[in-house]
Amino acid sequence: MSTARLTIDLGALADNWRALDAKTSVETAAVVKADGYGLDAGRVSRALADAGARHFFVAAAEEGIAVRRAVGPGPRVSVFSGHMAGDRDMLRDNNLTPMINSVDQMLRHVEELPDHAFGIQLDTGMNRLGMEPDEWAALREIALQQNPVLIMSHLACADEPGHEMNRKQLRIFREMTDELDVPRSLAATGGLLMGPDYHFDLCRPGVGLYGGEPYDEAKAVVTVDIPVIQVRDVAVGETVGYSNKWTAKRPSRIATIAAGYADGLIRAIGNGIDVYVGDTACPVVGRVSMDMITIDITDIEGTPDAVQILNRRQTVDDLAEAAETIGYEILTSMGRRYARHYTGADKLAAQASSDALESIQQKLQRKRPQLLREGRAG
Ligand SMILES: *Cc1c(COP(=O)(O)O)cnc(C)c1O
């Protein structure tokens with residue numbers, strides 16, 4: 001083993017989706033933008049479809065292609081950036097549902113794909129995507145005549161449940177949509193956790209599925225194992241790594257492990273992060289390099305073959321905190337160099353096909369009297 005290994009537990013991913021779904025009485029979709037938060041949109045979507053997800057969201061139409069391929073024709077695949085110039089064939093051929101963000105997009109959509117399903121995205125204060133209240137007031141009647149399948153907006157501060165912005169956006173969303181007979185969606189992971197006022201007809205969690213804050217009950221989805229390349233003894237007063245950032249205060253054993261900032265273990269995590277040898281924490285010492293990190297293994301016996309930097313003890317949010325960023329950024333920065341392993345998919349697929357068989361059996365059972373009448377069943 002010469003490169004680090006990224007293990008993605010699709011069973012834990014599915015469990016996180018089911019656990020979030022159980023917190024609502026409405027439909028739970030899955031956000032799989034940015035290649036499934038860096039974990040492979042195709043595999044992630046397939047696993048979530050097997051777990052029962054029937055609606056997926058991506059950022060751009062291009063991202064919808066892999067998702068459609070993975071989940072087959074049934075589930076809805078929606079696009080946050082809406083209907084951009086040049087998207088027509090992609091939207092049509094992959095049956096993607098654009099969330100229309102502006103009058104311009106609405107015009108483009110009715111001109112280029114008149115009978116193709118679409119949703120509406122409203123801006124309720126985040127000032128990022130969607131129609132603002134006056135724009136919506138002007139377009140509303142025309143847009144509604146075209147039968148949108150969903151009206152959605154997005155919360156700016158849902159990771160802080162007590163933030164007044166949440167209640168303000170909720171009020172504006174209601175004002176903009178209350179009389180309408182169209183399914184509505186406001187909540188991502190944070191909004192889902194804030195309770196039923198925010199659920200409307202559909203929740204759209206992303207980060208919580210992948211084991212990230214603000215869903216702190218999430219199961220760990222990602223594990224990273226990094227092989228040890230070399231171990232050396234370092235005397236008191238010797239330094240380790242670029243810029244002499246770390247100096248040995250005791251005779252130390254330093255191991256060099258095979259991953260670095262090119263693998264998403266960004267340079268800023270250097271301070272206060274441990275790696276794990278079994279249950280034992282060993283501190284990262286010195287600067288994180290492009291392809292290597294140095295760790296202090298003085299307190300453990302022997303030389304480990306590999307260490308873990310991400311596991312259930314140390315999550316993407318722990319790494320993010322050390323680097324003063326967010327778990328989302330750590331996840332989506334993991335990069336291409338890892339040997340990737342996906343676990344738990346077989347079990348999910350088997351469960352999904354046995355669920356499907358059971359529902360076919362139930363249908364046949366219900367239809368039996370009719371089939372008997374028609375002489376088609378014994
Ligand atoms: C990213 C995103 C989501 C999912 O957000 P999480 O915080 O990852 O749950 C939902 N809706 C929109 C519009 C988004 O951009």
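We count ligands from 1, going down the list as the structure has it; atoms in each ligand are counted the same way.
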Before accepting this row, confirm whether a basic side-chain N of the pair Asp21/Arg18 lies closer than 4.0 Å to the acidic partner's carboxylate O.
no
Where the closest heavy atom to atom 9 (O) of ligand 1 is concerned, which of Leu129, Thr189, Leu193, Asp159 has it?
Thr189
Where does Val31 meet ligand 1, judged by heavy-atom distances below 4.0 Å: at the side chain, the backbone, both, or neither?
side chain
Near Lys33 (heavy-atom distance under 4.0 Å), the atoms of ligand 1 are 1 (C), 2 (C), 3 (C), 14 (C), 15 (O)
Under-4.0 Å salt bridge between Glu217 and Lys23
yes
Nearest protein heavy-atom contact for atom 5 (O) of ligand 1: which residue, which atom, what distance?
Ala188 CB, 3.3 Å
Measure the distances from the heavy atoms of Pro205 to every atom of ligand 1 and state whether one is below 4.0 angstrom.
yes
Looking only at the aromatic ring of each residue, does the gap between the centers of Tyr328 and Tyr210 stay below 6.0 angstrom?
no
State the atoms of ligand 1, each with its element, that fall below the 4.0 Å cut-off from a heavy-atom position in Arg128.
15 (O)
Is Asp291 salt-bridged to Arg337, cutoff N-O under 4.0 Å?
yes
Honestly, for His154 the part within reach of ligand 1 (heavy atoms, under 4.0 Å) is side chain
Step through the shown structure and confirm whether more than 12 heavy atoms of other residues, nucleotides or ligands are within 6.0 Å of CE on Met84.
no
Should Arg250 and Asp296 count as an ion pair when the cut-off is N to O under 4.0 Å?
yes
Glu213 and ligand 1 - part of the residue with a heavy-atom distance under 4.0 Å:
neither
Aromatic ring proximity His55/Phe57, centre distance under 6.0 Å:
yes
Counting only nitrogen or oxygen atoms and a 3.5 angstrom limit, does Gly190 reach ligand 1?
no
Please classify the Tyr37 to ligand 1 contact at 4.0 Å (heavy-atom distances, strictly less than): side chain, backbone, both or neither.
side chain
Determine whether any heavy atom of Met99 lies closer than 4.0 Å to an atom of ligand 1.
no
Charged N to carboxylate O under 4.0 angstrom, Glu175 versus Arg171?
yes
Please determine whether any non-hydrogen atom of Tyr328 lies less than 4.0 Å from an atom of ligand 1.
yes
Cationic N near anionic O, under 4.0 Å, Arg312 to Asp9
no
Give the atoms of ligand 1, by number and element, whose distance to some non-hydrogen atom of Met152 is under 4.0 Å.
13 (C)
